[in-house]
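Report on one structure; see the data block that follows.
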Amino acid sequence: MVLSTVIWGSIPVMAVWSYLPSPIFVFFRVIISTAVLYTILRKKLSLSYRYFSNPFVIISGLLLAANWVFLFYAVSLIPISEAIIFYYFGPVIAILLSPLVKERINSFNLINVILSFAGILIMSAGTIYLNPLGLISAILSGITYGLLSITSKHSSKYLSPINLVFFQVLISSIVLFPFVLFIKYSFSVNDVFIAIFSSVVQTVLALFLWYDSMKNLNVQIVSIISYLDPVFAIIFALAFLRQIPTIYTLIGGTLLIGSGLLTTIIALKDKDREPDINIE
């Protein structure tokens with residue numbers, strides 16, 4: 001799961017480097033991923049097609065498409081550090097909605113949510129000058145991310161992680177195809193390389209690692225570990241794009257990420273003290 005956050009941390013930089021409109025970048029990312037996964041899973045998908053019409057699987061695919069489109073549109077308008085921190089409003093939503101998957105919210109996680117909201121408010125004070133469409137898109141990416149965590153948790157009860165990824169990118173490809181017909185764009189050799197790398201490494205590999213981890217971790221722990229993603233995203237943006245985060249971003253991001261890491265440590269210690277239970 002930690003490795004997947006490192007991989008995902010590099011995605012915003014790739015999106016900026018591609019210069020493609022957000023829906024187009026996401027479409028090529030998911031269509032190539034669909035082809036790669038179909039090649040790998042061709043003989044193992046026959047028993048899984050009956051779940052293609054499962055409402056949780058369909059909704060998770062729609063949310064995946066919306067989540068990525070909003071995020072990559074945001075990073076095209078505002079600095080990655082701001083966009084990615086607002087994006088991580090999503091895990092807060094996932095924690096608040098975790099009772100929907102029959103997981104109790106303990107008092108410590110409520111404190112974590114409060115600290116996270118404080119971090120978001122501090123960041124908001126430093127983003128007045130930013131493009132409002134970029135801010136709205138970043139917040140929407142966070143909301144769809146939180147909802148995606150919940151629907152994916154439900155979907156993983158019916159499908160193996162890699163089969164679930166296949167159906168999600170397939171659904172996303174279908175939904176985003178009309179954008180290819182109506183949005184003007186140019187596709188360079190550089191974009192081809194980025195699309196392939198983003199599909200094979202940043203989608204297929206990273207999502208498989210993520211959902212495979214979800215089988216053995218509950219939604220709250222998954223949401224907390226995901227706070228490592230913005231750390232790597234900010235580091236990559238600083239190293240490759242020379243985007244320096246503001247003091248508001250650093251303070252707010254520290255509250256968000258620090259509360260997440262602290263909760264992770266305590267949650268894992270509690271898990272070690274509990275008897276071994278097989279989580280379906």
Side-chain angles (χ1 to χ4, degrees), residues 1-20 22 25-26 29-30 33 64 67-94 116 119-120 123 134 137-142 144-146 148-149 152 161 165 169 193-214 217 221-246 249-264:
M1 183 162 285
V2 173
L3 178 58
S4 69
T5 64
V6 175
I7 295 171
W8 279 330
S10 65
I11 295 176
V13 172
M14 288 292 182
V16 172
W17 277 348
S18 74
Y19 295 104
L20 291 171
S22 176
F25 177 75
V26 177
R29 182 183 177 189
V30 293
S33 299
L64 183 69
N67 176 236
W68 286 347
V69 168
F70 284 133
L71 175 61
F72 299 137
Y73 184 60
V75 300
S76 71
L77 298 175
I78 62 177
I80 288 174
S81 58
E82 272 78 6
I84 205 71
I85 295 293
F86 276 109
Y87 177 70
Y88 276 85
F89 180 62
V92 177
I93 294 173
S116 298
I120 290 169
M123 279 196 56
S137 185
I139 292 170
L140 288 174
S141 71
T144 51
Y145 175 37
L148 176 61
S149 296
S152 294
V165 171
V169 294
F193 170 77
I194 289 175
I196 293 173
F197 180 81
S198 181
S199 302
V200 176
V201 177
Q202 295 175 327
T203 303
V204 176
L205 176 61
L207 282 175
F208 173 74
L209 291 172
W210 184 260
Y211 289 131
D212 193 51
S213 301
M214 284 184 70
L217 297 171
I221 294 177
V222 167
S223 300
I224 291 161
I225 293 176
S226 65
Y227 281 109
L228 292 173
D229 190 344
V231 176
F232 296 114
I234 292 172
I235 291 172
F236 285 130
L238 178 62
F240 296 106
L241 301 175
R242 299 294 187 266
Q243 293 184 358
I244 302 173
T246 66
T249 301
L250 292 175
I251 295 173
T254 299
L255 277 174
L256 276 164
I257 297 163
S259 63
L261 290 175
L262 180 61
T263 308
T264 300

What pair of heavy atoms forms the shortest contact from [X] to [Y], and how long is it?
| X | Y | value |
| --- | --- | --- |
| Pro12 | Ile84 | CG-CD1, 4.2 Å |
| Val6 | Phe236 | O-CE1, 3.5 Å |
| Ala206 | Ser4 | O-CB, 3.6 Å |
| Ala74 | Gly134 | CB-O, 3.6 Å |
| Met14 | Ile194 | O-CG2, 3.7 Å |

Please collect all side-chain hydrogen bond (donor to acceptor under 3.5 Å, both in side chains) contacts where either partner lies in residues 194-208, sequence neighbours excluded, each pair once.
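Checked against side-chain hydrogen bond (donor to acceptor under 3.5 Å, both in side chains) - neighbours excluded - the pairs reaching residues 194-208 are Ser10-Gln202, Arg29-Ser198, Arg29-Thr203, Ser198-Gln202.
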Note to self: Against Val75, only a single residue in Leu241, Val13, Ile11, Val16 fulfils side chain to side chain contact (heavy atoms under 4.5 Å, CB included); can you say which?
What the structure shows: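 Result for side chain to side chain contact (heavy atoms under 4.5 Å, CB included) with Val75: Val16.
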message: Once you measure the plane-to-plane angle for Phe193 and Phe197, does it fall in the parallel (<30°), tilted (30-60°) or perpendicular (>60°) bin?
response: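 Parallel: the ring planes of Phe193 and Phe197 meet at under 30°.
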Show the numbers, then the answer: is there a side-chain contact (heavy atoms from CB on, under 4.5 Å) between Leu205 and Val200? CA-CA 6 Å; Leu205 176 61; Val200 176; over 6 Å; no
Please check if the side chain of Ser152 supplies one atom and the backbone of Ser149 the other of a donor-acceptor pair under 3.5 Å.
no
Next on the checklist: Donor-acceptor check, side chain of Thr249 to backbone of Glu82, threshold 3.5 angstrom: yes or no?
Outcome noted: no
Atom [atom1] of [X] and atom [atom2] of [Y]: how far apart are they, to the nearest 0.5 Å?
| X | Y | atom1 | atom2 | answer |
| --- | --- | --- | --- | --- |
| Leu71 | Leu140 | CG | CG | 11.5 Å |
| Phe70 | Ser22 | CZ | OG | 9.0 Å |
| Ile234 | Leu250 | CD1 | CG | 7.0 Å |
| Ile235 | Ser81 | CD1 | OG | 12.5 Å |
| Trp8 | Phe232 | CH2 | CZ | 13.0 Å |

Ring pair (Phe, Tyr, Trp, His ring centres under 6.0 Å) filter on Tyr19, not counting sequence neighbours, yields none
Quick one: does Leu64's side chain get under 4.5 Å of Val169's, heavy atoms only? yes
query = So do Ser137 and Leu77 actually touch side chain to side chain, heavy atoms under 4.5 Å?
reply = no
Hits for side chain to side chain donor-acceptor pair (under 3.5 Å) against Gln243, two or more places apart or cross-chain, chain-then-number order -> none
Practice problem: For Ile244, look at atom CD1 and say whether over 12 heavy atoms of other residues, nucleotides or ligands are found less than 6.0 Å away. | Solution: no
